[in-house]
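Since the structure comes first, as structure tokens, the remarks are kept for the end.
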Amino acid sequence: MEYFGKTDIGKVRKENQDDFAIREDSERRLVAAVVCDGMGGAKAGGLASNLGTKTFMDYLERHLFGSTLKRPSYSKIISTACAESNGIVYQYSCFDADYNGMGTTLVGALIRKDQAFIVNVGDSRAYLISKKSIQQITQDHSLVAEMVRRGEITEEQAKNHPRKNIITNALGIEGEIQSDVFHINLHKGDRLFLCSDGVTNIISDDELLNYSQIYDSAEEFVNHLIQVALDRGAPDNTTAVAVTI
């Protein structure tokens, strides 16, 4: 597997409240990746995303990487890692008035051989990109996405809806979190792509597929996406992680 991740502050924000992490366990032929997009004020948003990524990866390293478990439940492990992240962010949000109301999205993945296990809270996304198609694996936890699912607006209307940035689920808001977990099969040449909405608000799914077809290297693909976002004004922090099977 080949992987690469990058984050950029963008052209408008004063600080980068996105964070990401990638880890590899070569013995298990396993790669873990996570992207978080923080919210909640100048100090709190960056702290929330940093706590989210760190706690998520720390849990995987304690309970999976280097573990002697012969048949681990990857879905359960990744879900619990997300719950642990939520607990830590929530504790910090209760600790200091400056951190009240802080939270973060989280999209994380475990990729092992020909399978991927994905967990999601918020509107950061996971995509499966093959040679000829692109599929959004996660469902946005956002007001506009729920309106689309209820048939109140179309996907085209959702793209420019004035309330498109309102999310309905995030780490750190409550003591317990409800996350979505997905299990997908992979094939040689497939690319798993995780990103914050700083990417998807500017670059369409069709463009993601086109750029993936052009750039075989995960590093070149991610670098190009970040540059496209910057060229288009990058009003938000922009974070992308690609893992090519």
Side-chain angles (χ1 to χ4, degrees), residues 5-10 13 15-22 32-57 59-60 78-93 99 101-110 117-127 136-146 148-149 158 161 163-182 192-203 225-226 229 234-242:
K6 187 174 183 178
T7 186
D8 193 282
I9 193 172
R13 303 287 185 174
E15 69 169 309
N16 194 345
Q17 296 188 342
D18 284 4
D19 200 8
F20 77 94
I22 308 172
V34 61
V35 169
C36 288
D37 180 356
M39 61 185 190
K43 295 181 180 178
L47 176 62
S49 63
N50 181 262
L51 288 171
T53 58
K54 185 178 187 305
T55 305
F56 185 84
M57 283 301 184
Y59 184 88
L60 296 183
I78 200 172
S79 175
T80 306
C82 182
E84 288 281 314
S85 297
N86 178 73
I88 294 297
V89 176
Y90 180 71
Q91 287 177 28
Y92 270 79
S93 73
Y99 302 149
M102 79 175 186
T104 182
T105 69
L106 184 147
V107 59
L110 287 171
F117 303 82
I118 299 157
V119 64
N120 180 62
V121 175
D123 63 353
S124 294
R125 294 180 180 178
Y127 287 89
Q136 182 180 334
I137 303 301
T138 54
Q139 293 187 350
D140 293 352
H141 298 159
S142 70
L143 179 62
V144 168
E146 289 184 1
V148 172
R149 288 192 283 271
H161 196 280
R163 305 178 74 185
K164 67 178 297 182
N165 293 325
I166 298 177
I167 61 175
T168 56
N169 198 10
L171 298 189
I173 305 303
E174 301 288 345
E176 295 185 1
I177 194 71
Q178 182 65 44
S179 61
D180 293 339
V181 178
F182 306 88
L192 192 66
F193 179 62
L194 311 181
C195 65
S196 65
D197 65 353
V199 173
T200 53
N201 284 341
I202 290 182
I203 303 173
L225 294 179
I226 298 293
D236 199 356
N237 308 146
T238 306
T239 304
V241 171

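All residue numbers refer to positions in the sequence shown, counting from 1. Worth saying up front: this structure is predicted, and the values here are computed from it rather than measured.
- Once rounded to the nearest 0.5 Å, the distance linking CD1 of I137 with CZ of F182 reads 8.0 Å.
- Residues M39 and T104 fail the side-chain proximity criterion, which asks for heavy atoms closer than 4.5 Å.
- Between L106 and N120, the closest side-chain pair of non-hydrogen atoms is not below 4.5 Å.
- With sequence neighbours left out, the ring-ring contact (aromatic ring centres under 6.0 Å, His included) criterion links F20 to no other residue.
- Counting heavy atoms of neighbouring residues, nucleotides and ligands inside a 6.0 Å radius, atom OH of Y92 does not exceed 12 of them.
- In this structure, S196 contributes its side chain and T239 its backbone to a donor-acceptor pair below 3.5 Å.
- The shortest side-chain heavy-atom distance between R13 and D18 does not fall under the 4.5 Å cut-off.
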Before you tell me yes or no, could you show the steps for Y99 and L47 under side chain to side chain contact (heavy atoms under 4.5 Å, CB included), namely the whole-Å CA-CA distance, both residues' side-chain angles and the distance that decides it to 0.1 Å?
CA-CA 9 Å; Y99 302 149; L47 176 62; 3.7 Å; yes

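- Looking at N86, its side chain does come within 3.5 Å of a backbone N or O of G175 through a donor-acceptor pair.
- Residues G5 and I22 come closest through the heavy atom pair N-CD1, 3.6 Å.
- With sequence neighbours excluded, the residues that form a side-chain contact (heavy atoms from CB on, under 4.5 Å) with T105 are D37, D123, S124, I167.
- Residues I177 and Y90 have side chains not in contact (no heavy-atom distance under 4.5 Å, counting atoms from C-beta outward).
- V241 is not listed as a side-chain neighbour of F193, based on a closest heavy-atom distance of 4.5 Å or more.
- Checked by atom type and distance alone, the side chain of S49 pairs as donor or acceptor with a backbone atom of Q17 at under 3.5 Å.
- With contacts defined as side-chain heavy-atom distances shorter than 4.5 Å, the pair L51/M102 qualifies.
- N169 contributes a side-chain N or O that, together with a main-chain N or O of Q178, makes up a donor-acceptor pair within less than 3.5 Å.
- Across all their heavy atoms, R125 and D140 have their closest contact at NH2-OD2, 2.7 Å.
- Looking only at distances, no side-chain donor or acceptor of S179 sits under 3.5 Å from a matching main-chain atom of S79.
- The backbone N or O of D236 lies less than 3.5 Å from a partner atom in the side chain of T238, making a donor-acceptor pair.
- Within the 4.5 Å cutoff, the side chain of V107 has heavy atoms near those of the I118 side chain.
- Judged purely by atom type and a 3.5 angstrom limit, N50 has no side-chain atom pairing as donor or acceptor with the backbone of G46.
- A donor-acceptor contact shorter than 3.5 Å is absent between the side chain of D19 and the backbone of C36.
- The backbone N or O of A81 sits less than 3.5 Å from a side-chain atom of S85, completing a donor-acceptor pair.
- Atoms CG and CD1, from L225 and I203 in turn, are 4.5 Å apart once rounded to the nearest 0.5 Å.
- Considering only residues two or more places apart in sequence or on other chains, Y127 meets the ring-ring contact (aromatic ring centres under 6.0 Å, His included) condition with none of them.
- Between the Q136 side chain and the T138 main chain, a donor and an acceptor come within less than 3.5 Å of each other.
- A 4.5 Å side-chain heavy-atom check between N16 and D8 finds every atom pair outside the cut-off.
- Of all the heavy atoms in T200 and C195, the pair that sits closest is CG2-SG, 3.5 Å.
- Across all their heavy atoms, S93 and G172 have their closest contact at OG-O, 3.6 Å.
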